[in-house]
Amino acid sequence: MYTAVIACGTACALALLSAWSVVVLLVLTGVLVVKASVEEQAMVRVHPDYADYQAHTRRFVPGIY
C-alpha cells in the first residue's frame, strides 16, 4: 500500500514538474518510511516471529527495499 502511495505521489510530482511537488514527495516518502518502521517494531513486540519474516522480506519493493 505504501509503495502505491509513493508511486502515485511520484506520478503527481512528475505531472506538476515543480520543486514544491518534489519536496512534498520527499516528505511523504520520509513519513511513510518512518511509519513503516514504527509499525514493524510494534509487530515484532506483538508477534515475535515477525522478526524472522522481516529478515526475509523487503519493505516496499521486492528484492530492492
Trainee: Can you sort out the partners of His56 under side chain to side chain contact (heavy atoms under 4.5 Å, CB included), two or more places apart, ordered by chain and number?
Mentor: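 For His56 the side chain to side chain contact (heavy atoms under 4.5 Å, CB included) partners, ignoring immediate neighbours, are Asp52.
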Trainee: For residues 19-27, dump all side-chain donor-acceptor pairs below 3.5 Å to protein atoms at least two apart in sequence or in another chain.
Mentor:
from	atom 1	to	atom 2	distance (Å)
Ser21	OG	Ala13	O	3.4
Ser21	OG	Ser18	N	3.4
Ser21	OG	Ser18	O	2.8
Ser21	OG	Ser18	OG	3.2

Trainee: What residues join Leu32 in its hydrophobic cluster, counting side-chain heavy atom gaps under 4.5 Å, either direct or through other members?
Mentor: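 Besides Leu32, the hydrophobic cluster comprises Met1, Tyr2, Val5, Ile6, Leu28, Val33, Phe60, Val61, Ile64, Tyr65, listed by chain and residue number.
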Trainee: For the residue pair Pro48 and Arg45, what are the closest heavy atoms and their distance?
Mentor: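 That closest heavy-atom pairing would be CD-O, 4.5 Å.
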Trainee: Any chance you could lay out the side chain to side chain contact (heavy atoms under 4.5 Å, CB included) test for Met43 and Gln54, step after step, and finish with the verdict?
Mentor: CA-CA 10 Å; Met43 287 292 289; Gln54 192 178 17; over 6 Å; no
